[in-house]
Peer 1: 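One structure coming up, written as structure tokens, with questions to follow.
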Amino acid sequence: MALKPTIYKFKIAVSDLNRNRFDDVALTIAQHPSENLERMMVRVLAFCIHQAEFLTFTKGLNENDDPAIWARSLDDQIDVWIDVGEPAVDRLKKASYNAKQVFVYSFNSKSDVWWEQSRSKLALLKVNVLQVPWGQAQDLAKMVERTMDFSVTLTGESAYFATAQGDCEVHWNVLQIPQ
């Protein structure tokens with residue numbers, strides 16, 4: 001019998017000071033049985049950073065060809081492709097051909113090794129690579145409850161999360177922005 005995903009319901013007040021955008025977002029998120037809380041919360045962070053009208057979570061780990069998050073246009077073109085983790089270069093190469101913008105949010109303890117092994121090949125692709133420090137992803141995961149209301153304030157390369165469990169700040173490093 002296959003394990004079922006764990007469902008989380010979040011109400012998020014997003015204040016994006018970088019884009020002067022303020023939204024209230026209600027998210028229902030399925031945490032895949034093989035997904036840790038850190039990865040799930042980095043998905044939430046990426047969703048808040050890129051918040052836009054057609055942005056949606058995909059089937060993610062259930063569907064090998066889909067990213068964690070994407071935005072599709074009305075004519076079904078992929079405007080934004082967002083992967084979370086350390087995807088293979090070939091996957092990102094394919095994504096860069098199929099999407100207008102590609103983002104990777106690398107976050108785990110092997111992130112530095114993945115970057116060093118992939119950076120020369122990724123430099124040839126139109127892929128934005130950002131890195132969330134593993135310790136900060138862990139801090140974010142510690143605050144998770146199955147149902148929660150919280151706020152996220154984005155400014156520069158950081159996000160401030162305020163929850164009933166406490167607060168934390170997550171900074172990301174921009175490793176690559178395509179020319």
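As a basis for the values below, the full set of heavy atoms in this structure was taken, side chains included, without hydrogen atoms, waters or symmetry mates.
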Peer 1: Can Leu125 and Lys121 be said to form a side chain to side chain contact (heavy atoms under 4.5 Å, CB included), step by step?
Peer 2: CA-CA 7 Å; Leu125 303 176; Lys121 292 178 184 174; over 6 Å; no
Peer 1: State which residues pass salt bridge (charged side-chain N to carboxylate O under 4.0 Å, His left out) with Asp76; sequence neighbours excluded, sorted by chain then number.
Peer 2: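 Here the qualifying residues are Arg72.
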Peer 1: Under a 4.5 Å cut-off applied to non-hydrogen side-chain atoms, are Val44 and Phe150 in contact?
Peer 2: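 Result yes, sub-4.5 Å side-chain heavy-atom pair found.
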Peer 1: Examine Val127 and Val80 and state if one hydrophobic cluster contains both, with Ile, Leu, Val, Met, Phe, Trp and Tyr joined whenever side-chain heavy atoms are less than 4.5 Å apart.
Peer 2: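 Val127 and Val80: separate clusters.
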Peer 1: Checking Ser118 side chain against Leu122 main chain: does a donor-acceptor pair fall under 3.5 Å?
Peer 2: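 Side chain of Ser118 to backbone of Leu122, a donor-acceptor pair under 3.5 Å: no, none is there.
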Peer 1: Determine, stepwise, if the pair Gln51 / Arg19 fulfils side chain to side chain contact (heavy atoms under 4.5 Å, CB included).
Peer 2: CA-CA 10 Å; Gln51 175 57 30; Arg19 297 187 293 164; 4.0 Å; yes
Peer 1: Are any of the side-chain heavy atoms of Thr58 and Trp81 separated by less than 4.5 Å?
Peer 2: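 Contact flag for Thr58/Trp81 side chains = no.
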Peer 1: Between Ile78 and Asn98, which heavy-atom pair has the shortest distance, and what is it?
Peer 2: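 Closest approach of Ile78 to Asn98, heavy atoms only: CB-O, 3.7 Å.
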Peer 1: Does Asp139 come within less than 4.0 Å of Lys142, counting only side-chain N to carboxylate O?
Peer 2: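 Answer for the salt bridge query: yes.
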Peer 1: State yes or no: do Val152 and Met148 share one hydrophobic cluster built from I, L, V, M, F, W and Y residues joined by side-chain heavy-atom distances below 4.5 Å, directly or via other members?
Peer 2: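 Yes.
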Peer 1: Trp172 and Leu92: same hydrophobic cluster, using ILVMFWY side-chain contacts below 4.5 Å?
Peer 2: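 No, separate clusters.
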Peer 1: For a 4.5 angstrom cut-off between non-hydrogen side-chain atoms, does Val104 reach Pro87?
Peer 2: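 Side chain of Val104 against side chain of Pro87, heavy atoms only: contact under 4.5 Å found.
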Peer 1: Between Glu86 and Ser111, does a side chain to side chain contact (heavy atoms under 4.5 Å, CB included) hold up when you go through it step by step?
Peer 2: CA-CA 7 Å; Glu86 291 71 38; Ser111 179; 4.0 Å; yes
Peer 1: Following the transitive rule for hydrophobic clusters with a side-chain heavy-atom cut-off under 4.5 Å over Ile, Leu, Val, Met, Phe, Trp and Tyr, establish whether Ile177 and Tyr105 coincide in one cluster.
Peer 2: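 Both belong to a single hydrophobic cluster.
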Peer 1: What are the two closest non-hydrogen atoms of Arg21 and Ala52, and how far apart are they?
Peer 2: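 Nearest pair, atom of Arg21 first, then Ala52: NH2-CA, 3.7 Å.
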Peer 1: Are side-chain heavy atoms of Tyr8 and Val144 found at a separation under 4.5 Å?
Peer 2: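 Tyr8 vs Val144: side chains touch.
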Peer 1: Applying the 4.5 Å side-chain criterion to the ILVMFWY set and letting contacts propagate, would Val84 and Trp134 be lumped into a single cluster?
Peer 2: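 Cluster IDs for Val84 and Trp134 match.
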Peer 1: Going by heavy atoms in the side chains, are Ile82 and Pro67 under 4.5 Å from each other?
Peer 2: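 A side-chain contact is absent here, since even the closest heavy-atom pair is not under 4.5 Å.
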Peer 1: Rounded to the nearest 0.5 Å, what separates atom CG in Asn36 from atom CG in Asn108?
Peer 2: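 Output value for this atom pair is 8.0 Å.
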Peer 1: Please report the closest heavy-atom contact between Arg146 and Ile7, naming both atoms and the distance.
Peer 2: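 Heavy atoms only, the tightest pair is NE-O, 2.9 Å.
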Peer 1: Rounded to the nearest 0.5 Å, what separation is found between the CG atom of Leu27 and the NZ atom of Lys11?
Peer 2: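 Going from the CG atom of Leu27 to the NZ atom of Lys11 covers 12.0 Å.
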Peer 1: Which of these passes side-chain contact (heavy atoms from CB on, under 4.5 Å) with Gln136: Leu45, Val170, Val42?
Peer 2: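 The side-chain contact (heavy atoms from CB on, under 4.5 Å) with Gln136 is passed solely by Val170 among Leu45, Val170, Val42.
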Peer 1: So if I apply the ring-ring contact (aromatic ring centres under 6.0 Å, His included) rule between Phe47 and each of Phe57, Phe103, Trp70, which one comes out positive?
Peer 2: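 One option only clears the test, and that one is Phe57.
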Peer 1: Nearest 0.5 angstrom please: Leu17 CG to Leu154 CG, how far?
Peer 2: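 These two atoms lie 7.5 Å from each other.
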Peer 1: Can you give me the closest heavy-atom contact between Arg43 and Gln31, atom names plus distance?
Peer 2: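 Here Arg43 and Gln31 meet closest at NH2-CA, 4.4 Å.
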Peer 1: Return the minimal non-hydrogen interatomic distance between Ala137 and Phe107, and the atom names on each side.
Peer 2: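 Result for this residue pair: CB-CD1, 4.4 Å.
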Peer 1: For the CD1 atom of Ile49 and the CG atom of Leu55, what is their distance to the nearest 0.5 Å?
Peer 2: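 Rounded to the nearest 0.5 Å, the CD1-CG separation comes to 11.0 Å.
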Peer 1: How long is the gap from CZ on Phe161 to OG on Ser151, to the nearest 0.5 Å?
Peer 2: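 Answer for the CZ-OG pair, Phe161 versus Ser151, is 9.5 Å.
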Peer 1: Answer yes or no: is there a side-chain heavy-atom contact under 4.5 Å between Gln138 and Glu38?
Peer 2: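 They are in side-chain contact.
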Peer 1: Keeping to residues at least two apart or across chains, list the salt bridge (Lys or Arg N to Asp or Glu O under 4.0 Å) pairs with something in residues 105-117.
Peer 2: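 Listed by first then second residue: Glu116-Arg119.
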Peer 1: Do we see a donor-acceptor contact under 3.5 Å between the side chains of Gln131 and Ser106?
Peer 2: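 There is no such pair between these side chains.
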Peer 1: Using 0.5 Å steps for rounding, measure from the CG atom of Leu74 to the CD atom of Glu53.
Peer 2: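 Rounded to the nearest 0.5 Å, the CG-CD separation comes out at 7.5 Å.
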Peer 1: Testing the basics here: between Ala68 and Arg39, what is the closest heavy-atom pair and its distance to 0.1 Å?
Peer 2: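 For Ala68 versus Arg39, the nearest heavy atoms are CB-NH2, 4.1 Å.
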Peer 1: Please confirm whether the backbone N or O of Asn18 pairs with a side-chain atom of Asp16, one donor and one acceptor, at under 3.5 Å?
Peer 2: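 Side chain of Asp16 to backbone of Asn18: a pair is present.
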Peer 1: Partners of Tyr160 by side-chain contact (heavy atoms from CB on, under 4.5 Å), sequence neighbours excluded?
Peer 2: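 Once residues adjacent in sequence are excluded, the partners of Tyr160 under the side-chain contact (heavy atoms from CB on, under 4.5 Å) criterion are Thr153, Ala162, Asp167, Glu169.
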Peer 1: Yes or no on side chain to side chain contact (heavy atoms under 4.5 Å, CB included) for Val129 and Trp114, after CA distance, side-chain angles and deciding distance?
Peer 2: CA-CA 11 Å; Val129 182; Trp114 170 81; 3.9 Å; yes
